[in-house]
Amino acid sequence: MNPDICRERENATFNTETLTNMLDGSAEKTRRRREIESLVINDPDFQHDDPNFMSRSERYDAAVKKSSQMIMKLRDYGISDPEEIYFYKRTARRTFHEAFGLHYTMFLPTLYSQCTPEQQKKWLPLAENFKALGTYAQTELGHGTHIRKLETTATYDPSTQEFVLNCPTVSSIKWWPGGLGKTSNHAIVLAQLYTLGKCHGLHAFIVPIRCMKTHQPLPGVTVGDIGPKFGFEEVDNGYLKLENVRIPRENMLMKYAQVEPDGSYLKPPSDKLTYGTMVFIRAMIVGESARALSKSCTIAIRYSAVRHQSELRPGEPEPQILDYQAQQYKLFPLLAAAYAFTFVGQYMSDTYHRITGHINQGDFSQLPELHALAAGLKAFTTWTANAGIEVCRMACGGHGYLCCSGLPDIYVTFTPTCTYEGENTVMMLQTARFLVKCYRQAREGQQLSGTVSYLNEQQRLQPQPVSSRPTVVNINDLASLVEAYKLRAAKLVEVAAKSLQGELQRSISQEDAWNNSSIELVRASDAHCHYVVVELFAAKLSEISDTAVHSVLNTLALLYALHGITLNSGDFLQLSQITQRIKALLVEIRPNAVALVDSFDYNDEMLNSVLGRYDGNVYESMFEWAKRSPLNRTEVRSFIIFNIIQKK
Ligand SMILES: CCCCCCCC/C=C\CCCC(=O)SCCNC(=O)CCNC(=O)[C@H](O)C(C)(C)COP(=O)(O)OP(=O)(O)OC[C@H]1O[C@@H](n2cnc3c(N)ncnc32)[C@H](O)[C@@H]1OP(=O)(O)O
Ligand SMILES: Cc1cc2nc3c(=O)[nH]c(=O)nc-3n(C[C@H](O)[C@H](O)[C@H](O)COP(=O)(O)OP(=O)(O)OC[C@H]3O[C@@H](n4cnc5c(N)ncnc54)[C@H](O)[C@@H]3O)c2cc1C
């Protein structure tokens with residue numbers, strides 16, 4: 001064990017196992033998680049070479065094999081709990097997505113949430129036994145964000161009681177769905193529904209695309225892979241062109257809207273229920289932001305504890321780079337954000353399941369807030385985590401740029417979360433739409449609830465414009481900082497609402513007024529989400545009984561809140577005092593930095609990083625990894641080429 005990393009662990013002021021248990025929910029949950037992870041770690045079938053040594057095709061083939069093995073093994077182990085399946089899979093797939101990913105994350109959830117009981121009786125056994133292997137085909141070449149303008153059509157033919165699906169233009173070709181290129185034999189296709197000559201907008205249909213016996217594309221189906229991407233090499237994102245493909249009427253997902261055999265249309269309680277799967281994934285991505293950022297911090301902080309470089313005091317040995325204030329200022333706010341997002345991810349998941357429970361009982365009243373919260377937190381956390389992974393990579397110097405560091409793979413796998421499932425800017429504007437509506441309701445004296453109730457508070461406190469009030473904070477008191485974030489959010493929501501109002505008074509259209517206020521609208525959503533994150537971090541602290549753990553997390557929470565103020569100093573005051581306080585907090589966190597990342601409890605296999613190894617023996621393992629590179633399988637390669645050139 002590297003002596004530096006040993007010393008770091010000896011210096012910790014809290015028990016990492018206590019914090020790990022808290023993150024898992026209990027000591028028993030930690031034990032069970034580790035037990036499941038060890039099933040993968042000790043399984044020779046999952047001890048394979050680094051995908052970075054493979055071609056794209058080899059990576060895809062290996063991913064399909066792994067997905068298949070996981071299905072069989074989970075069955076053999078009798079593991080059926082969704083959370084335990086997730087622990088098993090995330091250990092086996094390490095940093096990468098799996099070939100069957102869309103089947104699990106979007107195809108199955110759509111069947112669960114949008115099929116009638118009769119449809120579930122038919123399709124769930126097929127899908128749960130992987131006879132029907134599916135994807136979620138919504139995006140087209142011409143439209144990803146503006147889904148009301150998607151062009152694929154599903155036209156009802158009452159004479160045969162079938163829908164006829166068509167992609168009438170090049171821009172209507174389905175493009176991007178994961179698992180579409182080679183893997184899936186079915187797709188949930190989002191198409192404009194036409195019946196009795198009228199268009200009823202976007203609805204979901206189960207469309208067979210390949211023969212379940214031969215896996216060949218079915219008649220009228222053109223399907224394939226869209227080619228190499230920035231990352232996601234294990235996933236065959238594909239294209240799909242449908243030409244007069246007929247499906248039975250019963251293949252329209254009819255839990256909320258129906259088409260009768262005669263073609264008459266029965267509309268849903270809300271036309272946004274078709275969008276339900278997207279809300280689910282957005283809510284789940286918040287937790288993925290926490291995991292990607294916490295893995296990156298684990299790698300960068302452990303490496304910074306064993307890397308010695310440069311000279312801090314003349315004549316002294318080279319210090320650990322973790323002792324540089326500049327290195328601490330890069331990494332510790334991200335460590336704080338990783339903990340913050342872990343708690344927000346838990347809150348978002350709980351809130352999603354609570355509200356969808358009400359929706360399943362027919363109460364749709366909280367759907368707008370769920371949509372706004374999932375959209376905003378997905379954008380807020382992925383933008384922060386995306387930038388943070390890059391900071392962690394660069395904080396590791398040249399070795400961070402090596403694939404064996406794990407950081408490039410984490411980055412290229414995570415970065416599309418800022419785009420898919422709702423492009424982040426668009427998502428922030430969706431949240432802003434909800435905030436402006438709530439602001440206006442508060443002004444009219446309506447009582448708000450949930451995460452926007454502060455808009456009532458700010459109205460009651462002082463009727464004059466919120467934006468005129470100074471923000472004074474006690475920079476050592478988290479509750480005071482939460483109030484500052486709340487006031488900032490209220491201010492920026494008011495600024496955005498007043499910008500809209502001003503634009504409208506210039507007698508331009510609602511739409512132009514909206515577009516001309518987009519900067520303020522996005523900033524208002526960002527401030528709202530930032531307040532929610534800080535508030536949830538503070539709320540979590542109140543649940544922690546262990547004084548040592550409470551103390552170290554309180555320090556992280558103060559750092560997260562104060563650092564956020566420096567990033568948005570225009571919205572707050574007292575900058576110099578805050579900078580000094582931040583420096584003092586960095587010093588406080590320093591002895592616990594490694595213990596804090598240890599508490600995330602990522603085993604080396606899942607971390608997949610020679611820099612972030614638990615034992616800190618970085619250089620030895622880097623050299624071993626490099627020697628396994630395919631280019632090193634032969635000594636004389638470029639020399640032969642060189643000789644050929646020389647002889648010409
Ligand atoms: C288990 C872990 C999983 C995590 C990892 C997963 C890995 C998987 C890898 C990749 C998967 C990627 C899959 C995809 O990308 S699928 C495609 C995703 N596409 C999108 O997200 C499209 C984004 N665009 C939209 O959602 C919409 O176009 C829109 C931007 C929201 C606009 O929609 P629309 O034009 O209809 O709406 P308006 O803006 O006019 O608003 C009208 C009212 O509707 C409300 N609204 C909008 N959307 C929703 C919704 N989803 N739910 C509820 N309500 C919604 C909106 O608030 C307006 O309400 P109001 O009352 O103000 O009128
Ligand atoms: C790795 C990956 C996996 C994917 N998997 C799937 C999948 O399985 N199934 C599926 O259906 N799709 C999938 N997608 C597609 C994804 O959902 C879309 O790319 C995403 O919705 C963004 O749409 P777009 O690509 O059309 O971008 P656009 O909407 O064209 O965005 C381009 C730019 O325009 C801006 N913009 C657009 N509209 C507005 C607006 N109203 N106001 C302000 N600015 C605006 C955006 O902010 C952005 O900067 C995947 C994408 C990726 C990268």
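Counting convention: from 1, in listed order, for ligands and their atoms alike. Basis for what follows: all heavy atoms, side chains included, without hydrogens, waters or symmetry-related copies.
Nearest to atom 26 (O) of ligand 1 by heavy-atom distance, out of Arg282, His371, Lys437, is Arg282. The residue from Phe414, Phe232, Trp176, Tyr275 that puts a heavy atom closest to atom 33 (O) of ligand 1 is Tyr275. Selection from Tyr136, Phe107, Trp176, Trp514 by nearest heavy atom to atom 53 (C) of ligand 2 gives Trp176. Residue Arg433 holds the heavy atom nearest to atom 38 (P) of ligand 1 of all those in Lys378, Arg433, Lys89, His146. For atom 20 (C) of ligand 2, the nearest non-hydrogen atom from the set Thr419, Thr415, Thr277, Thr417 belongs to Thr419. Between Gln138, Glu423, Gln430, it is Glu423 that holds the heavy atom closest to atom 46 (C) of ligand 2.
Using modelled atom types and a 3.5 Å distance limit, the side chains of Ser55 and Ser57 yield no donor-acceptor pair. No donor-acceptor contact under 3.5 angstrom links the side chains of Thr222 and Tyr239, judged on distance only. Side chains of Glu140 and Thr152: a donor-acceptor N/O pair is present below 3.5 angstrom, by distance only. For the residue pair Thr419/Asn424, the side-chain donor-acceptor check at 3.5 Å is not satisfied. A side-chain N or O of Gln447 and one of Asn456 form a donor-acceptor pair less than 3.5 Å apart.
At a 3.5 angstrom cut-off on N or O pairs, Gln138 counts as close to ligand 1. Checking only distances, Gly422 does come within under 3.5 Å of ligand 1, N or O to N or O. Ligand 1 has a nitrogen or oxygen under 3.5 angstrom from a nitrogen or oxygen of Arg148. For ligand 2, the polar-atom distance check against Gly178 finds a nitrogen or oxygen pair separated by under 3.5 Å. The shortest N or O to N or O distance between Gly144 and ligand 2 is below 3.5 Å. Backbone and side-chain nitrogen or oxygen atoms of Thr145 are examined, and one is located within less than 3.5 angstrom of a nitrogen or oxygen of ligand 2. Residue Thr135 has no N or O atom closer than 3.5 Å to an N or O atom of ligand 2. Considering backbone and side-chain atoms alike, Lys272 places an N or O below 3.5 Å from some N or O of ligand 1.
The heavy-atom pair separating Thr135 from Phe107 by the smallest distance is O-CD1, 3.4 Å. Among all heavy-atom pairs drawn from Ala204 and Gln114, the shortest one is CB-OE1, 4.4 Å.
Neither the backbone nor the side chain of Val235 has a heavy atom within less than 4.0 Å of ligand 2. Contacts with ligand 2 closer than 4.0 Å are made by side-chain heavy atoms of Leu102 only, the backbone lying farther away. Contacts between Glu421 and ligand 1, counted as non-hydrogen atom pairs separated by less than 4.0 Å, involve both the backbone and the side chain. Heavy atoms of Val426 found under 4.0 angstrom from ligand 1 belong exclusively to the side chain. Residue-level proximity to ligand 2 for Asn424 is absent, since no heavy atom of it falls below 4.0 angstrom.
In terms of protein heavy-atom proximity, atom 1 (C) of ligand 1 is closest to Met284 CB, 4.0 Å. Given atom 12 (N) of ligand 2, the protein heavy atom at minimum distance is Thr139 OG1, 2.8 Å. If you check which protein heavy atom lies closest to atom 37 (C) of ligand 2, you get Val426 CG2, 3.9 Å. Nearest protein heavy-atom neighbour of atom 32 (C) of ligand 1: Gln430 NE2, 3.8 Å. Annotation: atom 28 (O) of ligand 1 to nearest protein heavy atom, Thr145 O, 2.6 Å.
Distances from atom 41 (N) of ligand 2 to the protein include no heavy-atom value under 4.0 Å. In this structure, atom 35 (C) of ligand 2 has its sub-4.0 angstrom surroundings free of protein heavy atoms. Within a 4.0 Å radius of atom 25 (O) of ligand 2, the protein has no heavy atom. Distance screen at 4.0 Å: atom 32 (C) of ligand 2 has no protein heavy-atom neighbour inside the cut-off.
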Set out, in order, the CA-CA distance, both residues' side-chain angles and the distance that settles side chain to side chain contact (heavy atoms under 4.5 Å, CB included) for Asp601 and Arg34, then state yes or no. CA-CA 9 Å; Asp601 199 32; Arg34 287 172 177 164; 2.7 Å; yes

Applying side-chain hydrogen bond (donor to acceptor under 3.5 Å, both in side chains) to Gln192 and Arg148, what does each step give before you reach the verdict? CA-CA 8 Å; Gln192 303 293 352; Arg148 274 188 286 139; over 6 Å; no

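Checked for salt-bridge contact, Glu234 and Arg59 meet the test: a charged N lies under 4.0 Å from a carboxylate O.
Not one N or O on the side chain of Lys267 forms a donor-acceptor pair closer than 3.5 Å with the backbone of Gln258.
Within ligand 1, counting atoms from 1 as listed, the ones closer than 4.0 Å to a heavy atom of His97 are 7 (C). Interface atoms of ligand 1 facing Met106, defined by a heavy-atom separation under 4.0 Å, are 13 (C), 16 (S). Counting atoms of ligand 1 from 1 in the listed order, those under 4.0 Å from a heavy atom of Met278 are 18 (C), 19 (N), 20 (C), 21 (O), 22 (C).
Relative orientation of the His103 and Phe130 rings is tilted, given thresholds of 30° and 60° on the angle between their planes.
Checked against a 6.0 Å centroid threshold, the rings of Phe434 and His371 do not count as neighbours.
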